[in-house]
Amino acid sequence: MSAHVRRETALSAQSPVNLAVLRAMRAEGQRIACLTAYDASFAQVLDAAGVDVVLIGDSLGMVIQGGSTTTPVTLDDIVYHSRCVVPSLQRAFAVADMPFLSYATRSRALDAAQRLMQEGGAAMVKLEGGREQARIVEFLSTRGVPVCAHLGLQPQLIHKMGRFRVQGREAAAAEAMRRDARLLEDAGADMLLLECVPAALAASITQAAGVPVIGIGAGGEVDGQILVLHDILGISAQARSGRPPRFVRNFMQGQPGIAQAIEQYVAAVRDGSYPAPEHCF
């Protein structure tokens, strides 16, 4: 490993996180801690707690707007919440979700990415989909837009899927996801996010990848973890109903306050104690 890479990682605890830092963290086996945020106050708390990547997610449609899906979230919504979050981040890397159908065509995707980065201040955009999005990823990447590709469970497809379920259990589906991950990386994706996939599949995709791989419900052998902020605080509708997703852990338990809960999440991701076997598929 080069001295340059070692220096990048050593500085990552103090310096602003960028793609070079994330790649260096992956190279050195330092796990990447990611969370969602939607406003300035929580953004400041996450940043101070050492969260590496903050996602302004379309999950805001459920935890902020009170909807049952992410589908109604608009580009204006994500731009607005990005403008609330990004100025409060001194260190964390800001990623903004591209909402439903905002990247249905290359021109729409470019316009959406421009707004999210110029108006919202995001450093990267995230879009859902496999090989069908490769041309969109390539189109954005060649124009200087950092892209995170989201594979596995895709919440924006809930009306086609009917219900949320683990993806890639069958051998053919698992191999298709591996191929999609390679295609998206070859198209220029700078990061991959795997949601609700078997831990063994996520591990194989991570081993083959050349970019950081972040998991949510994807086991512990990925490069980093992400959860919805309201889930780890036990205040989302699912958490309050007593039926949180299997991969969710309530980090407020045993902690005196929110800041300490988030610090505990970061520590658990770093030392590998989260996710535990009971959080994996």
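In this structure, Val145 and Val125 have side chains that are in contact, with non-hydrogen atoms separated by less than 4.5 Å. Under the 4.5 Å side-chain criterion, counting only non-hydrogen atoms from C-beta, Phe251 is not in contact with Leu233. Two residues are said to be in side-chain contact when any heavy atoms from C-beta on lie closer than 4.5 Å; Thr70 and Met62 meet this criterion.
Counting only distance, with no hydrogens or angles, the side chain of Glu132 and the backbone of Gly130 share a donor-acceptor pair below 3.5 Å. For His81 (side chain) and Ile78 (main-chain N/O), no donor-acceptor pair under 3.5 Å exists by modelled atom type. A donor-acceptor pair is defined here as one N or O able to donate and one able to accept, closer than 3.5 Å; such a pair exists between the side chain of Asp47 and the backbone of Arg91. No donor-acceptor pair under 3.5 Å is formed between the side chain of Arg178 and the backbone N or O of Ile205. For Ser241 (side chain) and Gln238 (main-chain N/O), a donor-acceptor pair under 3.5 Å exists by modelled atom type.
Separation of atoms CD (Gln156) and CD (Glu128) is listed at 4.0 Å; rounding is to 0.5 Å. A distance of 13.0 Å separates CZ in Arg115 from CG in Leu110, rounded to the nearest 0.5 Å. In this structure, CD1 in Ile214 is found 8.0 Å from CD in Gln225, a value given to the nearest 0.5 Å. The CD atom of Glu195 sits 5.5 Å away from the CZ atom of Phe247 when rounded to the nearest 0.5 Å. Taking SG from Cys34 and CE from Met191, the interatomic distance works out to 6.0 Å, rounded to the nearest 0.5 Å. The structure places OG1 of Thr36 at 6.5 Å from CD1 of Ile226, a figure rounded to the nearest 0.5 Å.
Grouping the Ile, Leu, Val, Met, Phe, Trp and Tyr side chains by contacts below 4.5 angstrom, directly or via other members, places Leu19 with Val53.
Here the closest non-hydrogen pair linking Ala134 and Ala187 is O-CB, 3.4 Å. Between Val197 and Gly152, the shortest heavy-atom contact is CG1-CA, 3.8 Å. Considering every non-hydrogen atom in both Ile262 and Val45, the closest pair reads CD1-CG1, 3.7 Å. The two atoms that bring Ile232 and Asn250 nearest to each other are O-OD1, 3.3 Å, heavy atoms only.
Salt bridge annotation for Asp231-Arg249: absent, with no cationic side-chain nitrogen under 4.0 angstrom from a carboxylate oxygen.
The neighbour count for Tyr80 OH, taken as heavy atoms of other residues, nucleotides or ligands under 6.0 Å away, does not exceed 12. A 6.0 Å sphere centred on CZ of Arg131 holds more than 12 heavy atoms belonging to other residues, nucleotides or ligands. Shown here is Arg246, whose CZ atom has more than 12 heavy atoms of other residues, nucleotides or ligands within 6.0 Å. Within 6.0 Å of the CZ atom in Arg165, the count of heavy atoms belonging to other residues, nucleotides or ligands exceeds 12. In Gln44, the CD atom is crowded: over 12 heavy atoms of neighbouring residues, nucleotides or ligands sit closer than 6.0 Å.
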- Check step by step if salt bridge (charged side-chain N to carboxylate O under 4.0 Å, His left out) holds for Asp97 and Lys126. CA-CA 5 Å; Asp97 258 337; Lys126 180 173 76 66; 2.7 Å; yes
- Taking it one step at a time, do Asp186 and Arg179 satisfy salt bridge (charged side-chain N to carboxylate O under 4.0 Å, His left out)? CA-CA 10 Å; Asp186 289 345; Arg179 289 197 302 268; over 6 Å; no
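With ring centers used as reference points, Tyr38 lies under 6.0 Å from His230.
Of the N and O atoms on the side chains of Asp77 and Gln65, at least one donor lies less than 3.5 Å from an acceptor on the other residue.
At least one test fails for Arg135 against the ring of Phe139: distance under 6.0 Å to the centre or angle within 45° of the axis.
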